[in-house]
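Just so it is clear: chains get the letters A, B, ... in the order the sequence lines come, proteins before strands, and each one is counted from 1.
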Protein chains: 2
Amino acid sequence: MAERSLNEHLSHLLAQANRHLSRQLTAEGVSLDQWRLMKVLSESGGLPMGKLAEELALNLPTLTKLVDRMVQDALVYRVPDPADRRKVRMFLSDKGAAMLASQNKRVEEHEAKVEDSYGNEDAQRLKTMLESFIKQIV
Amino acid sequence: MAERSLNEHLSHLLAQANRHLSRQLTAEGVSLDQWRLMKVLSESGGLPMGKLAEELALNLPTLTKLVDRMVQDALVYRVPDPADRRKVRMFLSDKGAAMLASQNKRVEEHEAKVEDSYGNEDAQRLKTMLESFIKQIV
DNA sequence: CAGCAATTGTTTAATCGGAAACTGTATATA
DNA sequence: TATATACAGTTTCCGATTAAACAATTGCTG
């Protein structure tokens, strides 16, 4: 059977799509991981580090340091869990919520542009497929 | 209109899918970028750094250092372009070709497993959609 | 309940990545 | 042809990521 070329490989296609989109967002002033972190916290505040790392597919040491920086910037804060003192529960600050709101707008605008030019029905289908794909491979 | 949740955002879904797949390949002993680089060179040897960086969505300084490491390991080599001495043309060494072959096998096996469990027709459609999506956003 | 194992998260040391400045070469313009 | 401008890569400096070791707390088992 014939050898597959690079753009027939899912791993390559995902890397390319991810990097291009992530770069474009960076250019809009949005750090993808910071935004995703704040967004998760806005949807379910109080998550411990471990769950957060799972939700974002970050490893724990990386997350610890990302959180350190965001705590410095007062975007999020840590609350030790009284029931299990190993755990640290994370929350979004007011400042974080404000920044999230502004970044939400930029992300939505940018994705709207991208999805429009790609075709909205196709974009919707792509997202649905990616969602179920992620469930499969996790 | 209602606020979109994180998994309705393409940027998040792509980041998740990419990271999970990339991690699983790392666990199989395949560095995604190194593999992609070798694969590009096997398909079109002699590409200059700039084109390579484009093909892989890497920025030039990052690519320079990735290539430095791979030259150390004798997987690839540089050849200055005599027609334009600013350019450096990259080639895959025999050792690189051997390593590529072995890694191709692991990538193909892993993706086959993943695509089987996801459903092969859907996987094919997903790849096609990603390919045209990338064309759109680049 | 004493001691050992598992868990949750952080720290450390080394590697890697990115933005900006820099080197060398080619091209355009006067 | 001299000077300026654009182009191709690399280097530098700093911030970010990773794997491995570590600390603290909880849970299990004899």
Side-chain angles (χ1 to χ4, degrees), chain A residues 15-16 18-38 40-41 46-73 75-91, chain B residues 15-16 18-37 40-41 44 46-73 75-91:
Chain A
Q16 292 292 91
N18 177 51
R19 287 198 186 156
H20 283 295
L21 207 44
S22 161
R23 268 188 203 175
Q24 293 175 8
L25 288 176
T26 299
E28 304 275 352
V30 176
S31 152
L32 187 48
D33 281 337
Q34 284 206 10
W35 172 73
R36 296 198 305 145
L37 173 45
M38 293 191 292
V40 170
L41 290 185
L47 283 184
M49 296 293 283
K51 291 289 177 209
L52 260 181
E54 268 179 40
E55 297 282 334
L56 302 175
L58 289 172
N59 16 342
L60 221 25
T62 302
L63 179 62
T64 292
K65 286 163 226 167
L66 174 59
V67 164
D68 284 347
R69 297 190 291 273
M70 293 177 74
V71 167
Q72 284 290 334
D73 295 342
L75 300 172
V76 300
Y77 57 95
R78 295 174 157 104
V79 176
D81 185 334
D84 182 343
R85 282 148 55 225
R86 292 170 303 184
K87 288 187 185 167
V88 174
R89 301 203 168 271
M90 294 303 310
F91 294 91
Chain B
Q16 292 292 93
N18 177 50
R19 287 196 187 161
H20 283 295
L21 207 44
S22 161
R23 270 188 202 173
Q24 293 175 7
L25 288 176
T26 299
E28 304 274 352
V30 176
S31 153
L32 187 48
D33 281 336
Q34 284 206 9
W35 172 73
R36 296 199 303 143
L37 173 45
V40 171
L41 290 186
S44 35
L47 283 185
M49 296 293 282
K51 291 291 178 206
L52 260 181
E54 268 180 39
E55 296 282 334
L56 301 174
L58 289 173
N59 16 349
L60 220 25
T62 301
L63 179 61
T64 292
K65 286 167 248 176
L66 174 59
V67 165
D68 284 348
R69 296 190 292 272
M70 293 176 74
V71 167
Q72 283 290 334
D73 295 343
L75 300 171
V76 300
Y77 58 94
R78 296 173 157 104
V79 175
D81 184 335
D84 183 341
R85 283 153 51 229
R86 293 171 301 182
K87 288 187 185 166
V88 173
R89 303 204 167 270
M90 295 303 311
F91 294 91

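Ionic pairing of A:R19 and B:D33 is present here: one or more N-O contacts between side-chain nitrogen and carboxylate oxygen are shorter than 4.0 angstrom. Looking at A:R78 and A:D68, a side-chain N of the basic residue comes within less than 4.0 Å of a carboxylate O on the acidic one, giving a salt bridge.
With rounding to whole Å, B:K87 atom NZ is found 13 Å from C:dT27 atom C1'. Atoms CG (A:L63) and P (D:dA19) sit 15 Å apart, rounded to a whole Å. For the pair B:K51 NZ and D:dC7 C1', the computed distance is 12 Å after rounding to whole Å. We find that CG of B:L32 is positioned 15 Å from P of C:dC16, with the value rounded to whole Å. Remark: P of C:dG9 and CD of A:E54 are 10 Å apart, rounded to the nearest angstrom. For the pair B:R69 CZ and D:dT10 P, the computed distance is 13 Å after rounding to whole Å. One can place CZ of A:R78 at 9 Å from C1' of C:dG9, the figure rounded to the nearest angstrom. Going from atom CG of A:D68 over to atom C1' of C:dT12 covers 13 Å, rounded to whole Å.
Between the CD atom in B:E54 and the CD atom in A:Q16 there is a gap of 10.5 Å [rounded to 0.5 Å]. The CG atom of B:L52 sits 11.0 Å away from the CZ atom of B:R36 when rounded to the nearest 0.5 Å.
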What's touching nucleotides 21-25 of chain D from the protein side, N or O pairs under 3.5 Å?
{"unit_1": "D:dT25", "atom_1": "O2", "unit_2": "A:R86", "atom_2": "NH1", "d": "3.4"}

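Distances shown here put every side-chain N or O of A:N59 at or beyond 4.0 Å from the OP1 or OP2 atom of D:dT17. The side chain of B:R23 contributes no N or O atom lying less than 4.0 Å from OP1 or OP2 of D:dT17. Of the side-chain N and O atoms in A:T62, one or more sit less than 4.0 angstrom from OP1 or OP2 of D:dT18.
Without hydrogens or angle criteria, A:R23 side chain to B:A57 main chain gives a donor-acceptor distance under 3.5 Å. Using modelled atom types, no side-chain atom of A:E55 and backbone atom of A:L37 make a donor-acceptor pair closer than 3.5 Å.
Taking 4.5 Å as the limit, every side-chain heavy atom of A:D81 sits out of range of all side-chain heavy atoms of A:V88.
With hydrogens and angles ignored, a donor-acceptor pair under 3.5 angstrom links the side chain of A:K65 to the base of C:dT12.
Each of B:L58 and B:A83 lies near DNA chain C, and the nucleotide nearest B:L58 is the one positioned closer to the 5' end.
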